[in-house]
Amino acid sequence: MKYLDEFSNPQLAGVLLERIRESATRRWAIMEVCGGQTHSIIRHGIDQLLPETIEMIHGPGCPVCVTPLGMIDKALDIASQPGVIFCSFGDMLRVPGSSKDLFRVKSEGGDVRVVYSPLDALELAQANPDRQVVFFGIGFETTAPANAMTVYQAKRLGIKNFSLLVSHVLVPPAIAAIMESPDCRVQAFLAAGHVCTVMGTREYPPLAEKYEVPVVVTGFEPLDILEGIRRTVIQLESGRHEVENAYPRAVAEAGNPVAKQMLEDVFEVTDRAWRGIGVIPRSGWRLSDRYREFDAEQRFAVGDLQTAESSICRSGEVLQGLIKPHECAAFGKQCTPRNPLGATMVSSEGACAAYYLYRRLDLPAEVAHA
């Protein structure tokens, strides 16, 4: 704990805040891409401590939140089928599909299990050769290597009753999509440190150059984020748009070569739909031809399903940084962690969940007491 405590030191945080105040002479809008960073910012009140000229915009970097409704419905369909053991991390069980969630499927008799690793699902497949075991593989470049390795292991061991429902997405195409939106207000990015731990930083200079935006790689502790903001503001004030690594204790320029090799072997880049945003070209992974036999979508023939998104949920605008969570009329009323309309309210990295958890008393009275 000592190591983490050092990155929450209030005296050092005060020094960084003062340096940010001294540097910021104009209004700037900075997006933190990752939902983990959003929770850290809201939990520690960093956005409230910053000078009024600095606005933090919350990005689409929550893996649960951006998993498209169509993929949730496919998961529900597969999990409802007899003979299937459907495995997922806990966050996904309460994400609403068109008509229900995985908890409902479980209550209706489906064999839905929470696991802590995709390898747990592979062990279930080995222990239950007469059942089909499916793991819901979602997330960014951070979780994809473990899922890739599990499929690699399944093929190496000759396990035929395991498959992966793949919904992996990539950060750089999402940054490009945000910058190309006509409603974009983002002037700089805090890039997610854990993504860069895997992929390195070499994908970001072309984005910084093309869109003329600073990109600063940061960690997740308060001092990490404040240092990232400080470096970003200095770049903005001086008119520079470069990639800086403010998380060198974890991120190397080349990333993790072994993990990248595993990803390249098992996956291939594809267009991918993002919940609340739409299809972003070449923004996701699917299993490559060598591993297509482990593709749950093909194994269970879940083609295009009819989806029905909530008509009042504005999570898509939250994910694009167009509104803050409490600016949605349903926030804290029709939509709560116990009755979420969108994944942003139920995910542990969702922006709506962060506002609900840490800013409940800051809301207008009619919302706070709803």
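As the structure is a computational prediction, the values presented were derived from the model and not from experiment.
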### Query
Do Y247 and F189 belong to the same hydrophobic cluster, where Ile, Leu, Val, Met, Phe, Trp and Tyr are linked whenever their side-chain heavy atoms lie under 4.5 Å apart, directly or via other members?
no
Residue pair [X] / [Y], side-chain heavy-atom distance below 4.5 Å:
X	Y	result
I225	I229	yes
V95	R275	yes
C87	D120	no
S283	D271	no
V233	I30	yes
T67	M92	yes
I72	F136	yes
V213	L207	no

Residue pair [X] / [Y], side-chain donor-acceptor N/O under 3.5 Å:
X	Y	result
R338	T336	no
D77	Q81	yes
Q235	E242	no
T270	W285	no
S98	D73	yes
E237	W28	yes

One thing to verify: whether [Y] and [X] come together as a salt bridge, which I'm taking to mean a side-chain N less than 4.0 angstrom from a carboxylate O.
X	Y	result
E293	R299	no
E180	K210	yes
R19	E22	no
E55	K324	yes
D183	R185	no
R131	D111	yes
E268	R292	yes
E264	K260	no

Exercise: identify the closest heavy-atom pair between [X] and [Y]:
X	Y	answer
L263	A148	CD2-CB, 4.3 Å
Q320	G276	NE2-O, 3.4 Å
A351	H58	CB-CB, 4.3 Å
I78	V134	CG2-CG2, 3.9 Å
L223	N9	CD2-O, 3.8 Å
K100	S80	NZ-OG, 4.3 Å

### Query
Which residues satisfy the salt bridge (Lys or Arg N to Asp or Glu O under 4.0 Å) test with E123, sequence neighbours excluded?
none
Is a donor on one side and an acceptor on the other found under 3.5 Å between the side chain of [X] and the backbone of [Y]?
X	Y	value
H39	G350	yes
N339	C335	no
S40	Q37	no
E244	V215	no

### Task
With rounding to the nearest 0.5 Å, note down the distance linking CD in E108 to CG in L76.
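Rounded to the nearest 0.5 Å, the CD-CG separation comes out at 9.5 Å.
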### Task
Hey, could you give me the CG/CE distance between L170 and M199, rounded to the nearest 0.5 Å?
7.0 Å
### Message
Between D91 and S348, is the side-chain hydrogen bond (donor to acceptor under 3.5 Å, both in side chains) condition met? List the steps.
### Response
CA-CA 7 Å; D91 273 9; S348 61; 2.9 Å; yes
Are [X] and [Y], when compared by the centres of their aromatic rings, separated by less than 6.0 Å?
X	Y	result
H194	F220	yes
F89	F135	yes
H168	F140	no

### Task
Would you sort out whether T150 and F162 count as a side chain to side chain contact (heavy atoms under 4.5 Å, CB included), showing the intermediate values?
CA-CA 10 Å; T150 303; F162 174 80; 3.7 Å; yes
### Message
Less than 6.0 angstrom from the centroid, inside 45 degrees of the normal: does R249 satisfy that with respect to the ring of F7?
### Response
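Ring-cation test returns yes.
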### Task
Using the ring of Y291 (Phe, Tyr or Trp, six-membered ring only), decide whether K155 places NZ or CZ under 6.0 Å from its centre and within 45 degrees of its axis.
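Positive - K155 is close enough to the ring of Y291 and near enough to its axis.
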